[in-house]
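So the structure is just underneath, and the comments pick up after that.
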Amino acid sequence: MQYKDLAEWSERAGKWAESYFATLRERPVRPHMVPGDFAKQIPAHAPDDPEKIETIFADFDRLVPGAMTHWQHPRFFAYFPASVAPASMLADYLANAMGCNTMLWQTSPAGTELEVRMIDWMRDAFGLPAKFTGLLQEGASSSTLCAILTMRERALAWKGLEDGLRPHPKLRVYASPENHSSIDKAVRIAGIGQSNLVKVPTRADRSLDTDALREAIKADRHSGCIPAGLVLCVGGTATGSCDNIEDAISVAKEFDLYTHVDAAWAGAAMLCPEYREIWQGVDDADSIVVNAHKWLGASIGCSIQFLADKSLQLRTLGLRPDYLKSENVHEVINLNEMSVALGRRFLALKLWFVVRAYGLSGLRELVRNQIGWVRELESLFLADPDFEVPISNPLAFFAFRYAVPGRDKGKLTDELARRINDDGRTYLTETVVDGTPAIRVAAGNFECTRDDVLSVYRIAKELAETIGRSGRTIR
Ligand code: PLP
């Protein structure tokens, strides 16, 4: 394939995408496959000779879509959906066409400056104070890793970068057990170690217990450890829980801890002022992450990290060897100096396209609709005596169980989840709430309608009734 063939094949790809979306609703959300089924169809070795793009494209169409879990399916309610707006696809195409690297200002002036401007736009859109700047990252995990590296170095007065951690007392990081495993991964990678991530107990509402936090910090100080930072969640992954950000940050400040707020999924709802109560106090955080690639329509790989004082992350991660010096410009933002990887994609382009294509009002409407529909769905489960709702949430999330009195609700729920996902009309994932399985429902796809959301109850009810009839005994 040559560059001159791009126009024709882009048109074919565009038509393919249009027809994919037009027929997506008819496909099962998840394919019926076992591991290895797909790989069997791909030759074990790369071809020596070039192949025609017609052949490659035909193989893609024949093999790939049928072996995919369709994240953009309007009835995908598993994990947290990761919506892709058409405007984002287009922007990604253009960014890919330029194939640029936004590592330095001079390697991508528009990429860098648009990113800075997008952070300003989103900060204002979320109602955050003007002191926040930041950057786009590939994911919340990368943003959290950068925040944890920064809290580590700040606590060590930036000596860890030179000395490593061995000469220093143990560092301690605090978070509730409701936080995502990316926090665990970050403390491991940062050399702080899993055993120094203190899982602070939670209160009845699953928010971090701030009294227990204070006691844990005091005990650690007393035993010679260095309390370095606190990670808080707004919309935890398993149960959607939210910490009391205001109280927790005020405890962190008493002990001079660096604070990072993980609002990877729920943060998008903060576009709507009526939900901002759930992160009340966030203005005092040092770092905040919100994924634009979950609920805001930017394709995967677009996470917004806001920083109250970016100089701390710059000091932690910034290196400027001779070969990365910019000609004739010194006072310049080089975005790689605030993140782990040097090479960076042009992430801002898709956010720019999406925010303009929908407007903040369009994005708010989308979020509000989905929250309203999910609340309606939850009320159907609440009204049905065969189900219980162990997790409720103010946003587009809840969890239910199949709980027929006198039978083991954990086993019934596991079996129902299996049947729902084998059925293919929708896709839901399970979690464990207080030791018993529960099925999560998380909405967020741009194309999902009220009927798609409400269909979850109809499907669950229909399949729950088949459990009784299947002859398998579940007590
Ligand atoms: N934090 C929370 C609360 C999440 O729900 C997730 C993923 O679902 C992550 C972090 C990790 O996000 P990413 O895949 O962008 O690294």
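For ligands, and for the atoms within them, numbers begin at 1 and follow the listed sequence. In this chain, residues are counted from 1 in sequence order.
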Residue-level breakdown please: for [X] versus ligand 1, do any non-hydrogen atoms fall below 4.0 Å on the side chain, on the backbone, on both, or on neither?
X      : value
Ala264 : side chain
Thr144 : neither
Ser182 : side chain
His293 : side chain

Tell me: protein heavy atom nearest [atom], and distance?
atom                    : value
atom 7 (C) of ligand 1  : Lys294 NZ, 3.1 Å
atom 11 (C) of ligand 1 : His180 CE1, 3.4 Å
atom 13 (P) of ligand 1 : Ala140 N, 3.5 Å

Is the His70-Tyr427 ring centre distance short of 6.0 angstrom?
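No; Tyr427 has its ring centre 6.0 Å or more from that of His70.
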Taking the six-membered ring for Trp, are Phe381 and Phe398 closer than 6.0 Å centroid to centroid?
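Here the rings of Phe398 and Phe381 have centres that are less than 6.0 Å from each other.
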Identity of the nearest option to atom 5 (O) of ligand 1, non-hydrogen atoms only, from Thr237, Leu145, Val231:
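It is Thr237 that holds the nearest heavy atom.
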Looking at Ala190 and Leu165, what are the two nearest heavy atoms and their distance?
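Here Ala190 and Leu165 meet closest at O-CD1, 3.7 Å.
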Between Phe346 and Gly111, what is the shortest heavy-atom contact and its length?
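So the minimum-distance heavy-atom pair works out to CE2-CA, 3.4 Å.
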Can you find a side-chain donor-acceptor pair between [X] and [Y] that sits under 3.5 Å?
X      : Y      : result
Asp247 : Thr210 : no
Asp452 : Ser455 : no
Thr144 : Ser182 : no

[X] N/O to ligand 1 N/O under 3.5 Å:
X      : result
Phe80  : no
Trp265 : no
Ser141 : yes

Cation-pi check for Tyr258 against Arg152: NZ or CZ below 6.0 Å from the six-membered ring centre and within 45 degrees of the axis, yes or no?
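No; the conditions do not both hold, so Arg152 does not lie above the ring face of Tyr258.
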With a cut-off of under 6.0 Å to the ring centre and 45° to the axis, is Arg276 in cation-pi contact with Trp279?
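No, a cation-pi geometry is absent between Arg276 and Trp279.
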If you count the atoms of ligand 1 from 1 in the order shown, which ones are under 4.0 Å from a heavy atom of Asp262?
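What qualifies from ligand 1 is 1 (N), 2 (C), 3 (C), 10 (C).
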Check each atom of ligand 1 against the heavy atoms of Gly235 and keep those under 4.0 Å away; list them by number with element.
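Within the 4.0 Å cut-off of Gly235, ligand 1 contributes 3 (C).
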